[in-house]
Amino acid sequence: MKSQFFSLIIFLAFFLCILAAPPACAPGVRCPPGGMWGQWATFGSTKCTMDCGGCGVLFQTRTCMSSQISGCPCTGDASRYIPCNMQVCKYPAQKSCCPPYLPMVLDGVYTCGPLPKTMRDPGASCCPVGGLWSDYAGYERQGSRWVRTRKCLSAAIDCPCTGDSTESSSNCPCPQPTPDEAKQCTAIPNATPFYFLNLTINHDQCTAALNMVGHNKDPAKSYCNKPTINYPRSFNYVALLIMKEVNGGCVSDDVFDCDNNENTIKHMDATFTCDTNSLKWVYDFTGKQISSYIQGIYKTQT
Ligand SMILES: *[C@@H]1O[C@H](CO)[C@@H](O)[C@H](O)[C@H]1NC(C)=O
């Protein structure tokens, strides 16, 4: 009998949380005010410590579903104690309800009440129109495609999401960088931005190679002759790569050194690997993410 009543109380709390989906948020409100909490879950023992009167408590916790989304932190408590076994204690118990509860009739049942407000906390003030999606996880290779997925965070409080949970492409998801930012890299001593060529992207591997302009004498197997495209005469040619790093400054790297004996110089491309989370290319030699690059000339001697 007691355990049946206990189940009823738990069921009621469950009912209030699950079936009472919050009303729709105003148009354009992506994050419900106060954030979006998941369901309360009893932590530790789910057995009430006392038989009646709301004298026992259960400890509950919840997690902020929206915390990983910028501009959508939760306010309020992540844990609470709730009373359990709310049925009125029978004679010869000293009191019928433990404070602050009083005997009353709720929904036709003689019980201790009223239920504390936190037991009716819906977890979010409103349902964002279209739901609240998590950010996408990084791309992963699935068969012959690059696929990324996201989760409907608001489904946990019965606010459905619209749209697809996955995105996929046969192309490597890192976009071809433009030279715009690297062209501004004029503070590297003696280095001058000079020539831009797109990456050659391997879409299966999500790697890329940049054919350095110093290679344009390939048939003669002499990579460090003056390139056939025009460049200022006072500069000696070096296969120089000028890059703007993500969250960093301008850097440069001699991909191969033309000051050494030409005959021993190996053909080398600058190579990159796509970071499938940030969708930025990583320069393999330094392991740093770059947002822009351009080939340059380096003044070694006049
Ligand atoms: C370089 O890549 C960009 C972006 O993919 C493309 O729009 C452009 O046409 C490419 N340029 C050349 C010369 O292939």
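Both counts, for ligands and for their atoms, begin at 1 and track the order of listing. Heads up: numbering here begins at 1 and tracks the sequence.
With ring centers used as reference points, F196 lies under 6.0 Å from Y293.
A donor-acceptor contact closer than 3.5 angstrom is absent between the side chains of R150 and S134.
Cys pair C52/C112: SG-SG separation is not below 2.5 Å. Of the two cysteines examined, C161 and C152, the SG atoms meet the criterion of being under 2.5 Å apart. Cysteines C98 and C55 place their SG atoms closer than 2.5 Å to one another. For the two cysteine residues C97 and C89, the thiol sulfurs sit 2.5 Å or further apart.
Protein residues with a heavy atom under 4.0 Å from ligand 1 are Q176, N198.
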